Amino acid sequence: QVQLVESGGGLVQAGGSLRLSCTASGGTFSGRVMGWFRQALGKEREFVAGISWSGDSSDYADAVKGRFIISRDNAKDTVYLWMNRVKLEDTAVYYCARNRGNNLQGATLRQSYDYWGQGTQVTVSS
């Protein structure tokens with residue numbers, strides 16, 4: 001059974017930075033796209049970023065492009081989300097997820113992921 005555990009969430013001021021981590025255990029991390037999603041209160045869970053197994057390719061939601069960076073360390077079974085120049089609207093619970101394959105084209109779709117972490121709260125204050 002794959003387990004994904006996120007960490008690094010918390011309270012951050014608008015314009016600041018935060019790094020989220022997600023470590024996988026109990027199953028396959030290799031050969032899979034990994035993704036970050038977020039869900040704000042009262043809203044649908046939405047795609048934030050995805051990264052290929054090699055780390056050479058990534059994809060971002062328009063809302064975070066140019067501010068967030070996704071990376072991974074396969075030796076540590078860990079994927080990161082570097083959140084820079086955060087805005088009030090970035091406040092949400094952030095989830096990492098393991099994709100069913102290594103096709104980054106489908107990374108924006110929730111149904112293409114088979115395992116999810118429990119989420120970590122990020123709150124941006126003014």
Side-chain angles (χ1 to χ4, degrees):
Q1 181 79 359
V2 175
Q3 286 191 317
L4 303 174
V5 179
E6 302 99 335
S7 61
L11 182 64
V12 58
Q13 279 197 319
S17 298
L18 205 61
R19 187 191 76 168
L20 305 184
S21 301
C22 170
T23 300
S25 63
T28 299
F29 183 81
S30 64
R32 306 293 186 100
V33 163
M34 294 296 293
W36 284 97
F37 285 72
R38 68 185 181 186
Q39 188 166 16
L41 201 61
K43 294 191 175 181
E44 294 278 321
R45 191 172 299 189
E46 63 178 5
F47 171 77
V48 174
I51 188 167
S52 64
W53 157 242
S54 67
D56 290 346
S57 299
S58 57
D59 191 20
Y60 296 91
D62 287 344
V64 307
K65 207 169 287 185
R67 298 187 298 120
F68 291 9
I69 298 172
I70 188 171
S71 67
R72 66 192 296 165
D73 184 341
N74 291 332
K76 296 181 179 179
D77 289 345
T78 300
V79 61
Y80 303 98
L81 185 69
W82 305 80
M83 304 171 62
N84 301 306
R85 302 195 308 280
V86 296
K87 303 176 180 180
L88 294 176
E89 52 264 42
D90 293 324
T91 295
V93 177
Y94 283 73
Y95 300 88
C96 75
R98 190 192 78 167
N99 199 274
R100 299 177 193 277
N102 194 33
N103 184 357
L104 197 58
Q105 257 190 328
T108 62
L109 302 175
R110 287 172 54 182
Q111 58 264 37
S112 68
Y113 294 83
D114 53 5
Y115 287 98
W116 295 79
Q118 82 290 347
T120 186
Q121 176 72 46
V122 172
T123 302
V124 182
S125 65
S126 58

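In this text, all values refer to a predicted model and were calculated from it rather than measured experimentally.
- With rounding to the nearest 0.5 angstrom, the OG1 atom of Thr91 is 7.0 Å from the CD atom of Gln121.
- Considering every non-hydrogen atom in both Leu4 and Ala97, the closest pair reads CD1-CA, 3.7 Å.
- Both Met34 and Val122 sit in one connected hydrophobic cluster of ILVMFWY residues. Membership requires side-chain heavy atoms under 4.5 Å apart, directly or through other members.
- Remark: the Thr78 side chain and the Thr23 side chain contain an N/O donor-acceptor pair separated by less than 3.5 Å.
- Residues Arg72 and Arg32 come closest through the heavy atom pair NH1-O, 2.8 Å.
- Under a 3.5 Å cut-off, the side chain of Ser57 and the backbone N or O of Ser52 do not form any donor-acceptor pair.
- Of the residues listed (Asp73, Ile69, Ile70), the one engaging Tyr80 in a side chain to side chain contact (heavy atoms under 4.5 Å, CB included) is Asp73, and it is the only one.
- Gln111 and Arg100 get closest at one heavy-atom pair: O-NE, 3.1 Å.
- For the atom pair Asn74 CG and Ser54 OG, the distance stands at 8.5 Å (nearest 0.5 Å).
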Next item on the list: Would you check, one step at a time, whether the test side chain to side chain contact (heavy atoms under 4.5 Å, CB included) holds for Arg67 with Tyr60?
Entry: CA-CA 10 Å; Arg67 298 187 298 120; Tyr60 296 91; over 6 Å; no

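- With sequence neighbours excluded, no residue forms a salt bridge (Lys or Arg N to Asp or Glu O under 4.0 Å) with Asp59.
- The aromatic rings of Tyr113 and Phe37 sit perpendicular, their planes meeting at an angle over 60°, well past the 30° parallel limit.
- Hydrophobic clustering, with ILVMFWY side chains joined whenever heavy atoms are under 4.5 angstrom apart, groups Phe68 together with Val79.
- Here the side chains of Arg45 and Arg38 are not in contact, with every heavy-atom distance at 4.5 Å or above.
- The local environment of CD in Gln105 is sparse, with at most 12 non-hydrogen atoms from other residues, nucleotides or ligands closer than 6.0 Å.
- Taking OG of Ser7 as the reference point, atom OH of Tyr94 lies at 15.0 Å (rounded to 0.5 Å).
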Next item on the list: Begin with the C-alpha distance, continue with both residues' side-chain angles, and end with the deciding distance and a verdict on side chain to side chain contact (heavy atoms under 4.5 Å, CB included) for Trp36 and Cys22.
Entry: CA-CA 9 Å; Trp36 284 97; Cys22 170; 3.7 Å; yes

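- Contact record, Ser112 with Ala107: OG-CA, 4.4 Å, taken as the closest heavy-atom pair.
- If you take CD on Gln3 and CG on Asp77, they are separated by 13.0 Å, rounding to the nearest 0.5 Å.
- Residues Trp53 and Tyr115 share a hydrophobic cluster, clusters being chains of Ile/Leu/Val/Met/Phe/Trp/Tyr side chains in contact below 4.5 Å.
- When all heavy atoms of Gly31 and Asn102 are compared, the pair lying nearest together is O-CB, 3.3 Å.
- Salt bridge Lys65/Asp62: present, at least one basic N to carboxylate O contact under 4.0 Å.
- Within 6.0 Å of the CD atom in Gln39, the count of heavy atoms belonging to other residues, nucleotides or ligands exceeds 12.
- Grouping the Ile, Leu, Val, Met, Phe, Trp and Tyr side chains by contacts below 4.5 angstrom, directly or via other members, places Phe47 apart from Trp82.
- Val33 and Val48 fall into different hydrophobic clusters, where Ile, Leu, Val, Met, Phe, Trp and Tyr side chains are chained together by heavy-atom contacts under 4.5 Å.
- Contact detail for Val5 and Gln118: the closest heavy-atom pair is CA-OE1, 3.8 Å.
- Counting heavy atoms from C-beta on, the side chains of Val124 and Glu89 never come closer than 4.5 Å.
- Dense packing is recorded around CG of Leu88, with more than 12 heavy atoms of other residues, nucleotides or ligands lying under 6.0 Å away.
- Within the 4.5 Å cutoff, side-chain heavy atoms of Leu20 are placed close to those of Met83.
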